[in-house]
Amino acid sequence: MSNRTTVTEFLLLGFSNVRELQILHFVMFLVIYLATLMGNLLIITAVALNHHLHTPMYFFLANLSIVDLGSISVTIPKSMINSLMNTRVISYPGCVTQVFLFIVFIAADLALLTIMAYDRYVAICQPLHYERVMNRRACVQMAASAWITGIVYSALHTGNTFRLPFCQSNVINQFFCEIPQLLKITCSDSDLSEVGLLAFSVFLSLNCFVFIIVSYVQIFKTVLRIPYEQGRGKAFSTCVPHLTVVSLFLSTGFFAYLKPISSSASGLDLMMGVLYSLVPPMMNPIIYSMRNKEIKAALKKPIVWRLFTKN
């Protein structure tokens, strides 16, 4: 008990102690952040203003873009401010907030990707029932359930983590507050419940992954039975972006969380944090705009760009 101290702040892992490299890190993150903001805001605006995109698939895509905006806004700005101010400090309430919001967005992201796989399955494998199954009310309920699930799941994770006493250190070996790194600095044998919850999280994620894979196996079997090539191409064009986004999200997340966590500051831990927290939100708008003709057509409309160039 003598080693236990009250933690009022944490120290995040910096990218460098050299001032010039800190400024470079700030500029690079600023460019990534602005590009991600612009890409996702363009997707949301295009879906909102184009009546041809008022369909379940694009409704869920707009929600996914909101999730991406939120997840990257939770991690990057604080890291940028720390580099600019030459500090590593994040307050205890700030760390709690960062953990809570990041898990909300990550959980909602996975839920939305799973729902989008179901949407494509119904659209391609059961087209005659699509309007009945994926009606407006059902879509709103599915999206709401994704957000509510993320909030409840995050509250459980966050509360379970920060109820633990921190007696090892207040240094977090990551550029943002991350649960696996926080568990390393809690008192020994006190984090079994959170480890169990993390294992349960991996189990749920694997179930979502299996559901998505099974959905796409059925989709591809149906698409390959379409007699004309143009129909197959259109069906694939709506599936490939989603499947690419799912692969990017799950591969970076699984690799980051399933690899052994080092006992000291690791460049690999830092790079994995950058990979799974920054790359998917930045790449998702690019993937959808490059592979989807309707999105590309909507983005070319002058009204979308006037909203971003006004004043």
Side-chain angles (χ1 to χ4, degrees), residues 36-73 104-105 108-151 212 215-216 219 222-223 226 230-246 249 280-310:
T36 304
L37 286 181
M38 178 64 74
N40 283 289
L41 285 174
L42 281 173
I43 294 289
I44 295 169
T45 305
V47 172
L49 297 181
N50 193 317
H51 292 290
H52 295 292
L53 301 183
H54 290 179
T55 63
M57 181 175 74
Y58 295 109
F59 170 72
F60 294 127
L61 177 59
N63 274 269
L64 187 66
S65 291
I66 294 172
V67 167
D68 288 337
L69 282 176
S71 65
I72 200 168
S73 296
V104 166
F105 292 124
D109 201 334
L110 181 57
L112 285 169
L113 290 173
T114 306
I115 292 170
M116 292 171 76
Y118 177 70
D119 171 70
R120 291 299 83 205
Y121 166 77
V122 177
I124 294 173
C125 300
Q126 301 178 6
L128 297 179
H129 301 285
Y130 184 72
E131 291 187 5
R132 177 180 61 83
V133 175
M134 302 300 294
N135 58 68
R136 182 181 181 86
R137 182 178 180 181
C139 291
V140 171
Q141 289 176 342
M142 288 180 186
S145 67
W147 285 100
I148 293 171
T149 299
I151 292 171
I212 292 170
S215 298
Y216 271 103
I219 288 170
T222 301
V223 169
I226 296 177
Q230 185 178 1
R232 288 197 297 269
K234 184 177 181 180
F236 276 124
S237 69
T238 64
C239 294
V240 170
H242 175 255
L243 194 56
T244 305
V245 167
V246 168
F249 175 81
M282 179 179 63
M283 293 301 299
N284 288 355
I286 298 173
I287 293 169
Y288 271 102
S289 60
M290 286 180 62
R291 298 291 306 180
N292 192 296
K293 294 180 180 179
E294 292 178 314
I295 286 290
K296 286 195 289 187
L299 291 176
K300 291 178 181 178
K301 290 193 173 183
I303 188 172
V304 174
W305 288 99
R306 281 203 297 269
L307 291 175
F308 288 90
T309 57
K310 188 182 296 184

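Computation of the quantities below employed the complete heavy-atom set of this structure, encompassing side-chain atoms and omitting hydrogens, waters and symmetry-equivalent molecules.
- The shortest non-hydrogen separation linking T45 to L41 is OG1-O, 2.7 Å.
- Although no hydrogens or angles enter the test, the distance criterion places no donor-acceptor pair under 3.5 Å between the side chain of N50 and the main chain of A46.
- Under the 4.5 Å side-chain criterion, counting only non-hydrogen atoms from C-beta, F60 is in contact with C139.
- Side-chain contact between F105 and L69 is absent, with no heavy atoms from C-beta onward closer than 4.5 Å.
- Closest of all the heavy-atom pairs between L112 and V67 is CD1-CG2, 3.7 Å.
- Heavy atoms only, all atoms of each residue included: S65 and I44 are closest at CB-CG1, 3.6 Å.
- Counting heavy atoms from C-beta on, the side chains of D109 and L113 come closer than 4.5 Å.
- Here the side chain of N284 pairs no donor or acceptor atom with the backbone of V245 at under 3.5 angstrom.
- One finds the CE atom of M116 at 11.5 Å from the CG atom of L243 (value rounded to the nearest 0.5 Å).
- Residues L53 and L61 form no side-chain contact, since every pair of their non-hydrogen atoms from C-beta on lies 4.5 Å or further apart.
- A donor-acceptor pair under 3.5 Å is formed between the side chain of N135 and the backbone N or O of R132.
- Atom-to-atom distance recorded for T36:OG1 and I72:CD1 is 3.5 Å, nearest 0.5 angstrom.
- D119 has its side chain out of reach of F59: every pair of non-hydrogen atoms, C-beta onward, lies at least 4.5 Å apart.
- Using a 4.5 Å heavy-atom cutoff, the side chains of Y121 and V133 are not in contact.
- Relative orientation of the Y216 and H242 rings is parallel, given thresholds of 30° and 60° on the angle between their planes.
- For E131, the CD atom sits in a loose shell: 12 or fewer heavy atoms of surrounding residues, nucleotides or ligands are nearer than 6.0 Å.
- C125 is listed as a side-chain neighbour of I219, based on a closest heavy-atom distance under 4.5 Å.
- Taking CG from L49 and NE2 from H54, the interatomic distance works out to 7.5 Å, rounded to the nearest 0.5 Å.
- A distance of 9.0 Å separates CD in Q126 from OG1 in T222, rounded to the nearest 0.5 Å.
- With rounding to the nearest 0.5 angstrom, the CD1 atom of I66 is 9.5 Å from the CG atom of N40.
- At least one side-chain heavy atom of P56 sits less than 4.5 Å from a side-chain heavy atom of Y130.
- Here the side chain of S145 pairs a donor or acceptor atom with the backbone of M142 at under 3.5 angstrom.
- Between the side chain of S71 and the main chain of D68, a donor-acceptor pair closer than 3.5 Å is present.
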